[in-house]
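These notes are about the structure you will find just below.
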There are 2 protein chains.
Amino acid sequence: MLNLTKKADYGLMALKYLAEHPETVAMSAKDIADAYGIPAQLLAKILQKLTKSGLLKSHAGMNGGYALARDAREISAYEVIHSIDGPFFITSCTKGTNGCELTPSCTIKEPLARVNETIAGVLRSISIYDLSDHEQTAGQSERSSPLVSLAR
Amino acid sequence: MLNLTKKADYGLMALKYLAEHPETVAMSAKDIADAYGIPAQLLAKILQKLTKSGLLKSHAGMNGGYALARDAREISAYEVIHSIDGPFFITSCTKGTNGCELTPSCTIKEPLARVNETIAGVLRSISIYDLSDHEQTAGQSERSSPLVSLAR
DNA sequence: TGAAACGCGGACAGATTTGGTCGTATACTA
DNA sequence: TAGTATACGACCAAATCTGTCCGCGTTTCA
Ligand code: FES
Ligand code: FES
């Protein structure tokens, strides 16, 4: 019913956590999982997906782990969700290659596709940086201008 | 993964269908289901929910059926989805009464709630009328001004 | 007055998706 | 070479969604 999967949730949490610890070179999946009390192995697989999508850089071996591949401002929530949950369409008919069996009769697909694009746009305008708790001491650069203000 | 359930899809289709046939007093669930080739009994239950939510008016007995309870412009997509799928939160943690077990550690719930509100706003700004194929012959009243333009 | 057409609502089974675990292979470091 | 970490697939369990069935109440009409 139009909600993110837990996996996407976890992914966002992990990325936010990484964004808030820029000093550390790499953070293991277990470290992040422990910090939030989520299943380590599950998070590992999520981070692997994000790595394959180029959002994270990974490093095996001791003191290895994951690090953001780009600046937190350059990673949008949309990319994260898309990477973890696959392409999302608000219309339920995504089975098969294109459209479901009743595509010809269904008349709301086209209008809803527009809604879909709008939501995608909102998600695209939100970066990990926007989610994170960056100490906005003074004179914040205000580089990011999300469609949705997340300011508190 | 952030998509509507088929039920919500069906519900929107049905309402759109009703909006496009304003002359008929009432339309049976079976009629609508046949028009789109969707399971009649399933659609019936959906329409029942919409009736209980006050979006439709029902009439039992022969030649009975359903009709919009209000003008199509006054029924938002949000109401329909909310009525069928229940309250939706973009964050997956909706179990129990309030928040999931890891609410304290989860740090993205609050920022995502804002995204949630934005999406809800988009959905609220779209009416069944906007979805329907109203012959906008000339000088359309342009009474509705959805956040998302659905014009073709 | 009774049958037919229709809405109402719960129970329920099958299909699908999600959440999570396990095992093993691979890569890197000390 | 021992230890730590990622990579990846198979797999299972739980939750959800989809769809069907059946009995009941209501309205219309012959
Ligand atoms: S439900 Fe499949 S095309 Fe709309
Ligand atoms: S995942 Fe439950 S509070 Fe965020």
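To find a chain, count down the sequence lines: A is the first, B the second, and so on, and within it residues start at 1.
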Check your understanding: Taking only residues two or more places apart in sequence or in another chain, which ones pass salt bridge (charged side-chain N to carboxylate O under 4.0 Å, His left out) with B/Asp31?
Key ->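 B/Asp31 satisfies salt bridge (charged side-chain N to carboxylate O under 4.0 Å, His left out) with no residue once adjacent residues are dropped.
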What integer distance in Å separates [X]:[atom1] from [N]:[atom2]?
| X | N | atom1 | atom2 | result |
| --- | --- | --- | --- | --- |
| A/Ile84 | C/dT18 | CD1 | P | 13 Å |
| A/Leu43 | C/dG19 | CG | C1' | 13 Å |
| B/Asn3 | D/dC17 | CG | P | 10 Å |
| A/Lys6 | C/dG19 | NZ | P | 7 Å |
| B/Leu56 | C/dG7 | CG | P | 11 Å |

Those residues that, when tested against [X], pass side chain to side chain donor-acceptor pair (under 3.5 Å) (two or more places apart):
| X | answer |
| --- | --- |
| A/Ser58 | none |
| B/Asp85 | B/Thr5 |
| A/Asn63 | none |

Check your understanding: Can you find a side chain N or O atom of B/Tyr10 that sits less than 4.0 Å from OP1 or OP2 on D/dG19?
Key ->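 So the side chain of B/Tyr10 is within the cut-off, an N or O lying under 4.0 Å from OP1 or OP2 of D/dG19.
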Review point. Which letter, B, S or -, goes with each nucleotide of nucleotides 3-10 of chain D from 5' to 3', with contact meaning a protein heavy atom under 4.0 Å?
Key: BBSSBBBB
Review point. Does B/Lys57 have any side chain to side chain contact (heavy atoms under 4.5 Å, CB included) partners at least two apart in sequence or in another chain, and if so, which?
Key: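 In terms of side chain to side chain contact (heavy atoms under 4.5 Å, CB included), with neighbours along the sequence ignored, B/Lys57 is linked to B/Ala69.
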